[in-house]
There are 2 protein chains.
Amino acid sequence: MDRLMEKRAPLRTAEVIAVGSELLGTTRLDTNSLYLSGRLGSLGIRLKAKSVVGDDRRELARMLRAALERVDLVVLSGGLGPTDDDVTRDAVADVLELPMAEDAAIVERIRARFVKRGLRMPEVNRKQAMVPRGATVLHNPMGSAPGLMIEHRRNLVLLLPGPPRELQAMFEGLANGPLKERAGNERLFQAVLYVTGQSESHVEEVAQPLYSRWRDAVPAIETTILAAPGQVELHLSMLSDDSDRAARLLADARTELAIALGPDVFSTDGRPMEEIVGGLLARRRWTIGVAESCTGGLLQSRLTDVPGSSAWVTGGIVAYSNALKWLFADVAAALIEEHGAVSEPVAVALAEGIRARAGSHIGVGITGIAGPSGGTEAKPVGTVAIAVAGPEGPAHVRTFWFLGNRTQVKFNATQAALDMVRRMLL
Amino acid sequence: MDRLMEKRAPLRTAEVIAVGSELLGTTRLDTNSLYLSGRLGSLGIRLKAKSVVGDDRRELARMLRAALERVDLVVLSGGLGPTDDDVTRDAVADVLELPMAEDAAIVERIRARFVKRGLRMPEVNRKQAMVPRGATVLHNPMGSAPGLMIEHRRNLVLLLPGPPRELQAMFEGLANGPLKERAGNERLFQAVLYVTGQSESHVEEVAQPLYSRWRDAVPAIETTILAAPGQVELHLSMLSDDSDRAARLLADARTELAIALGPDVFSTDGRPMEEIVGGLLARRRWTIGVAESCTGGLLQSRLTDVPGSSAWVTGGIVAYSNALKWLFADVAAALIEEHGAVSEPVAVALAEGIRARAGSHIGVGITGIAGPSGGTEAKPVGTVAIAVAGPEGPAHVRTFWFLGNRTQVKFNATQAALDMVRRMLL
């Protein structure tokens, strides 16, 4: 197969077609395409389009026919199961006009999987052993559905299973073998910067003069600016056949951007904010304790999403009621009465209180109004006071006014709190 | 326009094409299609496929041409801005072979938007006023890009702005006006059941005999079974021109399923678990306090995602360290030493401790190993002990062994804890 493929033109463009009626409803999105886009890009193969089609043999055939005219490589995901709903093999055989035959080795492999679990293979599973003539069978280490690879004139067609871990395991094998052989010499190289505390338009204003220059350079650096929850992301990418040079040019570009944007840049390697903060804490061997009200545990949940966080998270409290603010963080009722529960003095008292109680190096206090109700003219929904107390000097405290619904206010408040901790640790 | 459209065949099938290179990368998914799928369904228009294409006039034209052959209605989202990247108008004019002309009224509306903010309209924005001959201009109350609606032979083509709130506001206007006129008499009706504590295959085994009968009934009920984090979902849908009858048949089907599946069914109206539990607490005027270890605040964050939850959440603690388990929930070091931090007696002590301290009706204690490290042969990663203490009788306690990575173990543990609370409240 590899020998045959070497004679062909390199694969430069791809289209992904996800098969499954459930992906056309109101609840499910095809996420395999995110993985495939990145992995194809690293092979220098550009994703030109992606589609979703239901479990409908004729629709899928039409979609595939159109894709074969547009791109070199078509990757199909899903629809390889044993039931009537699984139409991918049949649709591909229709379009490429290939007869199918049962592959005895596949039948035996599937049968063995069942036997291992003390079960008999249902007859329907034989369907998964049907192979179009000339196709290469791709072993599935994670499931029963084998994949298929088919050369057809100038096109290469891949049939991969839908479950992400099966698809990814199979694709990794291809990317390191036959697909690598078939790709051109150019590869996609990428770099990323995450910025917080600035609007997308402000970031664009600063970055624009730099990246309009890069766009016209040879080789060109493509840039995308994206507003994500709590952060603005700058994505840089470059097609090149010289990996050292590409890495150097991208690193230089990233540095130029970082200098222009300053300390609002919090990540230059794709790590999310909680991991950046965790890394800074771990480096100092410091711990963090949190007393949160309106964010309701989300800050602590984000911190503890990081593997190994038990080394630097002591824990803390979710103090929704004023009684718990007193009970667990020594915030006096008189202070709350004087300033209101949502106020900078109360945020500071929460931060200092939890720091003392938990015996942590850093204490964080958050109090605010997540909405939709509870806002006033003076303190509208989205008002959040955040304090960070450390071993030295007075606590840092700031009041924010976040936009959005309840979950957005919660998330943005945790992002702002993490950023305040990050800046204290720098 | 409406008069013209009445003469035409009803719209039965649709395809959605999202335009934007950023939607082909590794970070962004087109979510407008989820909204559109539901809204089209409610008009009885079936989404047959959906696609994403970059900011590439020729690619988009090819994609559109193929879609026009497959379906009645093509909905394009995005690419209506003023920059060179915005190619949707041009591509549509290419494919439908329509000349474009500047619409003076649109220019004035856009200019007025700028003037209102004390700005001059940049000349590039004139591009947004280009209208293909015969197109109906759709007002955009939320942004500067107007939408377009074009009749073309048997097809209807909609050009909508990409930002979700702009797209949705515009589509709602269409769905209540011209699209409603053009749709057939049939509408899609839907019902849903969420089940927890059972595997997808077990739910399927129970549901299969019921829904194979419905599938062959007239009108048929279509069923989909989906495994989602912490729950299995059964989606029922039916095309009908008789809304009373459809509602009755779906309600009957839902009841049959609920009886067959029993108390593992926790939601029959699409509300998530935390809202169901919140509703049960609110009805009794009870409160809940939580002491969580391995879930790191996620349970409290989920509870406080529910608007109005301050009425029934007192708050609680995130006790990552053993010291905090003692300090905030009176869990004795000797108990931890005897049974280990991850054990049923410690879960019970956390539940009872936080219940007493927080003065809540219900106390929840969670302790476990989220991974990736920290597991042992006796207590592997994914081992989680959960206890729920109420005003009467001893605490309920169970040990679970969850599969998956750290965030999956965290989520599944919170789902199991909420379900234990739900069962206590029933």
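We name chains A, B, ... by the order of the sequence lines, and we start the count at 1 in each one.
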I'd like to know which of [options] tops the heavy-atom pair count under 4.5 Å against chain B.
options                               : result
A:Val313, A:Leu60, A:Val52, A:Asp56   : A:Val52
A:Ser301, A:Cys294, A:Gly297          : A:Ser301
A:Ala319, A:Ala49, A:Pro372           : A:Ala49
A:Ser321, A:Pro307, A:Gly38, A:Ala291 : A:Pro307
A:Val53, A:Asn405, A:Leu299, A:Leu298 : A:Leu298

Q: Give the member of B:Gly296, B:Ser33, B:Gly359, B:Gly315 that has the highest number of heavy-atom pairs under 4.5 Å with chain A.
A: B:Gly296

Q. Which of the residues B:Thr295, B:Thr287, B:Leu324, B:Asp30 is involved in the greatest number of heavy-atom pairs with chain A at under 4.5 angstrom?
A. B:Leu324

Q. Would A:Tyr320 and B:Gln300 count as a side-chain contact (heavy atoms from CB on, under 4.5 Å) if you check the C-alpha gap in whole Å, the side-chain angles of each, and the deciding distance to 0.1 Å?
A. CA-CA 10 Å; A:Tyr320 241 46; B:Gln300 297 177 76; over 6 Å; no

(Q) Any non-hydrogen side-chain atom of B:Lys50 less than 4.5 Å from a side-chain atom of A:Leu29? (A) yes

Interchain contact, [X] with chain B, by part (heavy-atom threshold 4.5 Å):
X        : result
A:Arg46  : neither
A:Ala370 : neither
A:Glu69  : backbone
A:Ala66  : side chain
A:Arg406 : side chain
A:Val306 : backbone
A:Lys48  : both
A:Ile354 : side chain

Q | Polar contact flag, side-chain donor to acceptor under 3.5 angstrom, A:Thr224-B:Arg28 | A | no

Q. Listed by residue number, which members of residues 15-25 of chain A have a heavy atom under 4.5 Å from any heavy atom of chain B?
A. A:Glu15, A:Glu22, A:Leu23, A:Leu24, A:Gly25

